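Everything numeric in this text was worked out from a predicted model, so none of it was measured.
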Amino acid sequence: MIDKTLQNFDIFKFQANLINWYHANKRDLPWRKDQDPYKVWVSEIMLQQTKVDTVIPYFQRFITKYPTLQDLADADQQDVLKTWEGLGYYSRARNLQNAVREVVSAYGSKVPANPKELGALKGVGPYTQGAILSIAFNQPEPAVDGNVMRVLSRVLKIEEDIAQPKVKKHFERYTKKMISDEDPSAFNQGIMELGALVCTPKSPMCMLCPVQEQCRAFEEGVEQELPIKSKAKKQKTIPYVALLIRNEKNQYVIEKRSETGLLANMWQFPMVPIDEIGMDHIENWVEMEYGVQVDLGNKLGKLKHVFSHLIWQLDIIEATTGSVQVTDKRVELVDKNRLADYPFPVSHQKMMKYMREE
DNA sequence: TATGCGTGGAT
DNA sequence: TATCCAAGCAT
């Protein structure tokens, strides 16, 4: 199967054209200043499912705050989440810190340079493992991401559904055959850079492509039809009443989310699953759930928070409460000007704009 | 294998 | 406005 696909394909020519193009056209990105395995690692985690332009400022702040493995290992998880705030997929941050602590304690603060130990670290999957081994340690290991599957599906005219997990394994086998032993870092980064800058999902710029001559999809004029990717099913919408509960000292009730699942260990304003509770029982439910007696006020606005797999529809309502003693460990009464110390998901950062005083 | 897991930008 | 997508991983 693989042998047939790569039959009559000049791998050495592909490597040379790709790597030369990469060295001439690669972007000057902050994580390309050196090959520090820790910084390569941080960048690869941040870049998962996230665009380069989004990552750049986060990477700068993160490395400034945690310049070394030891600094990140010593940090408080809440501070790490705060630094990650707005970047999404927060388990990446928690897993990264856990894995860094593992490297400090088990590997003498040296990022392991072998597939087995590296791949066993939390948050390091097949792609990230290959990326670190090739970029930081110059090892010819495949690093197959969405770019690689798109580029190779076109160049080799592969018509498998890239949404299926097993298909990614097929691409890893192709890449193992095709990767350069002389410059695996430039090869892997070159395909990704090509996918990001030239061989884009829509309207690829084939006239600028260094491997156009070898591209089977271009030859047949079908580059726009590849890769083949089945569609995700659409998200379910869940309506909530989100409460800005304020006392006379201008403090607000917030809660820390569960340590697992969606937005784990992030903070939020109280949210009432209104389909289950009903508008008439909000006060009762809030007292049961948070131990806080509230008087509901005006509706302040609404927000939509779109996740990959679900949508929150938030109706924002203001509420007041007397001077209460919060007993639940995960609930706090916090001064308005201290809210910025806590990590919030984006929808709840936006909620703060609706706050108003007496 | 399918699903849960964020967010913002491009089209 | 709706859809897609972006250097994936855990379970």
Side-chain angles (χ1 to χ4, degrees), chain A residues 22 26-27 29-32 40-59 81 84-96 98-99 118-132 134-136 142-151 161-169 171-172 175 185 187-197 199-203 224 227 229-238 257-258 260-266 268 303-312 343-350:
Chain A
Y22 175 69
K26 65 177 180 181
R27 289 167 289 181
L29 300 173
W31 46 88
R32 288 179 176 162
V40 171
W41 184 6
V42 170
S43 73
E44 290 302 338
I45 299 298
M46 286 189 171
L47 285 162
Q48 290 170 6
Q49 301 291 285
T50 311
K51 286 197 173 10
V52 164
D53 288 345
T54 303
V55 167
I56 289 173
Y58 281 92
F59 178 82
L81 285 175
W84 207 272
E85 182 184 70
L87 197 53
Y89 287 139
Y90 299 96
S91 66
R92 291 183 296 175
R94 295 183 289 109
N95 286 336
L96 173 61
N98 289 338
L118 195 55
L121 296 171
K122 285 293 181 198
V124 178
Y127 163 77
T128 305
Q129 173 186 317
I132 294 172
S134 60
I135 298 171
V144 174
D145 71 335
N147 287 306
V148 174
M149 289 195 284
R150 184 174 58 258
V151 171
D161 179 4
I162 66 167
Q164 293 181 353
K166 65 175 181 184
V167 172
K168 185 175 169 185
K169 294 193 193 332
F171 280 95
E172 284 168 354
T175 309
S185 172
F187 182 91
N188 280 340
Q189 295 192 79
I191 296 196
M192 292 189 279
E193 197 81 342
L194 188 64
L197 300 181
C199 194
T200 47
K202 292 167 186 170
S203 309
Q224 302 266 22
K229 186 177 184 180
S230 57
K231 299 185 196 315
K233 64 177 187 182
K234 78 175 185 189
Q235 311 99 313
K236 188 171 297 182
T237 298
I238 308 177
R257 293 180 57 85
S258 156
T260 58
L262 182 66
L263 301 168
N265 284 345
M266 302 287 281
Q268 66 182 20
L303 283 173
K304 192 159 99 168
H305 190 156
V306 179
F307 298 87
S308 305
H309 59 300
L310 61 90
I311 298 172
W312 285 352
F344 286 90
V346 163
S347 57
H348 287 250
Q349 295 174 48
K350 290 177 181 170

Taking atom [atom2] of [N] as reference, at what distance in whole Å does atom [atom1] of [X] sit?
{"X": "A:K236", "N": "B:dG4", "atom1": "NZ", "atom2": "P", "result": "9 Å"}
{"X": "A:I162", "N": "C:dC5", "atom1": "CD1", "atom2": "C1'", "result": "11 Å"}
{"X": "A:E85", "N": "B:dG6", "atom1": "CD", "atom2": "C1'", "result": "13 Å"}
{"X": "A:L118", "N": "C:dC9", "atom1": "CG", "atom2": "P", "result": "11 Å"}
{"X": "A:D53", "N": "B:dT7", "atom1": "CG", "atom2": "P", "result": "19 Å"}
{"X": "A:N95", "N": "B:dC5", "atom1": "CG", "atom2": "P", "result": "14 Å"}
{"X": "A:L197", "N": "C:dC5", "atom1": "CG", "atom2": "P", "result": "18 Å"}
{"X": "A:K304", "N": "C:dA2", "atom1": "NZ", "atom2": "P", "result": "6 Å"}

>> With nearest nucleotide decided by heavy atoms, which residue, A:K169 or A:L87, maps closer to the 5′ end of DNA chain B?
In response: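 Result of the comparison: A:K169.
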> When the nearest nucleotide of DNA chain B is assigned to A:V346 and to A:K233 on a heavy-atom basis, which residue is associated with the more 5' position?
Replying inline: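 On the 5' side of the pair lies A:K233.
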> Where each residue is assigned the nucleotide of DNA chain C containing its nearest heavy atom, which of A:G146 and A:A232 is assigned the position nearer the 5′ end?
Replying inline: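 Closest to the 5' end, via its nearest nucleotide, is A:A232.
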>> Return whichever of A:I135 or A:K234 has its heavy-atom-nearest nucleotide of DNA chain C closer to the 5' end.
In response: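 With A:I135 and A:K234 compared, the 5'-side residue is A:K234.
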Among [options], which nucleotide sits nearest the side chain of [X]?
{"X": "A:Q49", "options": "B:dA2, C:dG8, B:dG8", "result": "C:dG8"}
{"X": "A:L262", "options": "B:dC5, C:dC9, B:dT1", "result": "B:dC5"}
{"X": "A:K229", "options": "C:dG8, B:dT7, C:dC5", "result": "C:dC5"}
{"X": "A:K168", "options": "B:dT7, C:dG8, C:dC5", "result": "C:dG8"}
{"X": "A:L310", "options": "B:dC5, C:dC5, B:dT7", "result": "B:dC5"}

Output yes when at least one side-chain N/O atom of [X] is less than 4.0 Å from OP1 or OP2 of [N], else no.
{"X": "A:K202", "N": "C:dA6", "value": "no"}
{"X": "A:H309", "N": "B:dC5", "value": "yes"}
{"X": "A:K231", "N": "C:dC4", "value": "yes"}
{"X": "A:H305", "N": "B:dG6", "value": "no"}
{"X": "A:R92", "N": "C:dA10", "value": "no"}
{"X": "A:Y89", "N": "C:dA10", "value": "no"}

For [X], which contact category applies under a 4.0 Å heavy-atom criterion: base, sugar-phosphate, or nothing?
{"X": "A:V148", "answer": "nothing"}
{"X": "A:G195", "answer": "nothing"}
{"X": "A:R257", "answer": "nothing"}
{"X": "A:V52", "answer": "base"}
{"X": "A:R150", "answer": "sugar-phosphate"}
{"X": "A:L96", "answer": "nothing"}
{"X": "A:T128", "answer": "sugar-phosphate"}

Same-atom distance ([atom1]) from [N] to [M], integer angstrom:
{"N": "C:dG8", "M": "B:dT1", "atom1": "C1'", "result": "16 Å"}
{"N": "B:dC5", "M": "C:dA6", "atom1": "P", "result": "23 Å"}
{"N": "C:dC9", "M": "B:dG8", "atom1": "P", "result": "22 Å"}

Do side-chain atoms of [X] reach the backbone of [Y] as a donor and acceptor pair under 3.5 angstrom?
{"X": "A:R257", "Y": "A:Q268", "value": "no"}
{"X": "A:Y58", "Y": "A:E85", "value": "yes"}
{"X": "A:Q235", "Y": "A:V306", "value": "no"}
{"X": "A:R92", "Y": "A:M46", "value": "yes"}

>> Let me confirm one number: the CG-CH2 distance from A:L118 to A:W41, rounded to the nearest 0.5 Å.
In response: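 It comes to 7.5 Å.
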>> With hydrogens left out and only the distance checked, is there a donor-acceptor pair under 3.5 Å joining A:S308's side chain and the base of B:dG6?
In response: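 Flag set: donor-acceptor pair detected.
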> Is the base of B:dG6 touched by the side chain of A:T50 through a donor-acceptor pair closer than 3.5 angstrom?
Replying inline: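 Between B:dG6 and A:T50, which were checked side chain against base, a qualifying N/O pair under 3.5 Å is present.
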> Do you know which two heavy atoms are closest between A:G86 and A:V346, and how far apart they sit?
Replying inline: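 The pair with the smallest heavy-atom distance is CA-CG2, 4.1 Å.
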> Do A:S185 and A:Y22 get their side chains close enough for a donor-acceptor pair, meaning under 3.5 Å?
Replying inline: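 Note: A:S185 and A:Y22 side chains miss the donor-acceptor criterion.
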> When you look at A:Y127 and A:E44, which way does the side chain to side chain donor-acceptor pair (under 3.5 Å) test go after all the steps?
Replying inline: CA-CA 9 Å; A:Y127 163 77; A:E44 290 302 338; 2.6 Å; yes
